[in-house]
Amino acid sequence: MNEDTPETALEERTTPLNVAGAVPQIVPDDNTDDLKILLGEFEGPLDLLLHLIRQEHVSIYDIPVARITDEYLRYLRVMQELDIAVAGDFLVMAATLIELKTKMLLPRDPLAAEEEEDDPRTDLVNQLLEYQKYKAAAEMLWSRATVEQAVFKRAELETDKNNPEVAVGLFDLLKVFQDILARHKEEKLLEIERDEISMAEMLERLRNMVMSAGELNLRVFFERAKSRRELVLAFLSVLELVRTTEIRLFQRETFGDIVARVAS
Amino acid sequence: MATNEERVNQESVDEAALNEEASRELAAMVAEVEQSSGAAEEEGIDDMPLSSPQSQAERAAVIEALIFVSDEPLSAKTIAEVLKEDKEVINEAVQALAQEFNARNGGLQLREVAGGWQFATRPEYHEHVRAFLKTRPSAKLTIASLETLAVIAYRQPVTVPEILEIRGVQSPSSIKTLLDKKLIVAKGRKETVGRPMMYGTSKEFLLQFGLKDLSELPSVEDFHDLSGG
Amino acid sequence: MATNEERVNQESVDEAALNEEASRELAAMVAEVEQSSGAAEEEGIDDMPLSSPQSQAERAAVIEALIFVSDEPLSAKTIAEVLKEDKEVINEAVQALAQEFNARNGGLQLREVAGGWQFATRPEYHEHVRAFLKTRPSAKLTIASLETLAVIAYRQPVTVPEILEIRGVQSPSSIKTLLDKKLIVAKGRKETVGRPMMYGTSKEFLLQFGLKDLSELPSVEDFHDLSGG
């Protein structure tokens, strides 16, 4: 099933190494500009363990701990040879496995009743079974999203434009408040400085930029500001035109770019 | 939380009077501001008396029009409120309308999603629609984010440490991605050590995954060993 | 696959049967959708070869979908270009589609306006549509109201002049909106010049944002925890 996951669509590097049936990959992280190491196709230590269990054709309910631990450690060693920082969570699991391996080697307590004795692997097995469910659920979600992306809603109607509205969550509230505080600070600064562009001129600039294209990414508009003061004016002029309903704002993601459009 | 309750109740006694006073005061201020600026944030709701639809066909037609103009999925409850009709009557009418509309087998479907009804194109025709709109499918979530989302969807409300326990890896950047995409929302704090924030799925989640409601998710217990084969 | 694994899986087969059926259905839809969008992701949309609709019914369905997603009336000429078909063929197809669609006598019509085709509600139902649109903006807030709410939530109890000081903009109508929506309440007067009214968030605010009490509001630290990872 791993082979069908969307991540394989990423460009593959032909690394000669092949550990535990997986090729380590270096890919750009979606959230930062950093490169991250994709440990084969594995999202974490449980994912890697599940893969090893499948590869070794063993039952998840009766894991040969010594064998699987060796495979697991071999995998981590290769990572280290490649000079790759192995994520902490992988090391924690390595420690757990080694401890488990040791426990399995210990002679059984002759005083304990045979059936009553706890299998030291129970916790790990339960964890793996639990994780497996959510991994499958994630694949189901991926399928649903794929189908849903092929469904389109109607184009915007005149009547959608009644109000520059935003749907609000808790973190939006915090973000908005931080923005206001930042703005407030800027305004205090503003009282000291003078000259440069005026508010009226800034309003005119914004109007022109939105009108000429019908739509304007506000980041582009803000980046034109040459000073912090101009930036504040730019921000205020956006708020002003929203207030007077000359423009409307759109934001596709909570902290994504905001786009201004002419309100007709 | 008895003390909290008490405090809230206590407040509501004086609240009514205070609020009324505040409203009067504000109305005057609003009038003043509007006069000087000439612009208003018009948000008032005028209640206009409206006749209910006469026939069954008319009712279906009105419902169809309302679902179309609504910019998000429209629930039977809202339709019933607007038309001042019984919710059950409307519910049946929408179901019948959807059946009739979808039997046409046209390019559009009337479907139930995120607790409401919505017109949308059928997925079969996405290629042509995409070519016309010149859009690409938006970036998919990473497996890490999808796994995190799956845990949140089935275990909500759930905290970051609880997600870590199930996935076996830290997920902070996944959670931030999901928050940015509005797929999950904060659901208050858990009364435990450190009072961690709890997360749950949002209406946007239902929309983006084409779900009527959370109960439409297949039971997670059915996902035994699917990856085994 | 190994026999012992099969044996272990045997127990869960029955339980998962239903689920598997649903999975297969979903997989088929995914396959259909992926086939084309996968190509689009790699090659870019412009040079992607697009097949013309196969049958008359499919052509009508595609046209219906295109008109629906277009943000302005869509001419037969444009449709013909997108589908790479003869303009006359498309013209006839749209006419036929309009006839079929309008014969339903539903709440929507497919009409020709300004040289193109569009879906619109029938004028007979505009009274209901207007009534609906007026009642609609309930769950949503304008940016001005949202800002005011944020200031009140984090700085309560707070007066109108204090909010003005922080936001830098007059907020009386926003405050009135928030009062009307019962998200905030008056909290008595501040013993200072002019004895201005103080505002705070309401029980309704806690309910709408899923909070038990105000201590559950996310703090700057919560935000940094996520950004840090």
Side-chain angles (χ1 to χ4, degrees), chain B residues 1 4 8 11 15 18-19 21-23 25-27 29-30 33 40-41 43 45-46 48 50 57 60-66 68-69 82-83 106-108 121 123 125-134 136-137 170 172-173 175-176 179 186-189 197 218 222 224-226 228-229, chain C residues 1 5 9 12 15-16 19 22 29 33 36-37 40-41 45 50 60-66 68-69 82-83 105-108 121-122 125 127-129 131-135 137 142 144 170 172-177 179 185-186 188 197 203 210-213 216 218 222 225-229:
Chain B
M1 279 287 144
N4 236 335
V8 171
E11 268 168 16
E15 247 175 42
L18 262 178
N19 283 345
E21 199 180 333
S23 274
E25 209 177 272
L26 284 165
M29 288 172 80
V30 170
V33 171
E41 291 168 42
E43 286 173 71
I45 297 168
D46 289 322
M48 188 163 62
L50 192 66
V62 170
I63 292 171
E64 183 172 308
L66 295 186
F68 179 76
V69 297
V82 173
L83 301 185
L108 301 182
T121 64
Y125 307 114
H126 76 110
E127 249 181 293
H128 291 100
V129 173
R130 219 165 250 152
F132 169 65
L133 293 175
K134 297 194 167 53
R136 297 156 178 273
Q170 305 272 2
S173 71
I175 290 180
K176 182 154 189 310
L179 274 174
K187 292 270 188 188
R189 296 183 182 282
M197 190 65 82
D222 290 343
H224 285 278
D225 262 349
L226 287 186
Chain C
M1 277 283 127
E5 187 168 352
N9 287 347
S12 52
E15 283 171 35
N19 196 46
M29 283 173 86
V33 167
S36 37
S37 58
E41 265 164 43
I45 352 155
L50 193 65
V62 171
I63 293 173
E64 183 172 307
L66 293 185
F68 179 75
V69 298
V82 174
L83 302 186
N105 272 314
L108 297 181
T121 54
R122 279 185 202 275
Y125 309 115
E127 200 191 333
H128 287 101
V129 169
F132 163 67
L133 290 174
K134 276 201 170 160
T135 60
T142 62
Q170 294 270 17
S173 68
S174 295
I175 294 180
K176 188 159 186 313
T177 302
L179 271 178
V185 287
M197 190 69 81
K203 193 177 180 184
L211 298 168
K212 268 207 280 297
D213 54 59
E216 291 197 336
D222 288 316
D225 281 353
L226 294 176
S227 318

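The structure displayed is predicted, hence computed values, not measured ones. Naming convention: chains lettered A, B, ... in sequence-line order (proteins, then strands); numbering from 1 in each chain.
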Considering only heavy atoms from C-beta outward, does the side chain of C:Phe68 approach that of B:Tyr125 to under 4.5 Å? no

Between B:Leu133 and chain C, which part of the residue has a heavy atom less than 4.5 Å away: side chain, backbone, both or neither? side chain

Might you point out which heavy atoms bring C:Val129 and B:Ala65 nearest each other, and give the distance in Å? CG2-CB, 4.1 Å

Determine yes or no for a side-chain-to-main-chain donor-acceptor pair under 3.5 angstrom, with B:Glu64 supplying the side chain and C:Gly107 the backbone. yes

Minimum heavy-atom distance B:Ala61-C:Gly106, with the two atoms named: CB-C, 3.7 Å

With chain B as the partner, which of C:Ile63, C:Thr121, C:Asn105 has the greatest number of non-hydrogen pairs under 4.5 Å? C:Thr121

Report the C-alpha distance between C:His128 and B:Leu83 in whole Å, list the side-chain angles of each, state the deciding distance to 0.1 Å, and finish with yes or no for side chain to side chain contact (heavy atoms under 4.5 Å, CB included). CA-CA 8 Å; C:His128 287 101; B:Leu83 301 185; 3.5 Å; yes

On a heavy-atom basis, which atom in C:Glu216 and which in B:Met197 lie closest, and how many Å separate them? O-CE, 3.9 Å

For C:Leu179, which atoms come within 4.5 Å of any heavy atom of chain B: side chain, backbone, both, or neither? side chain

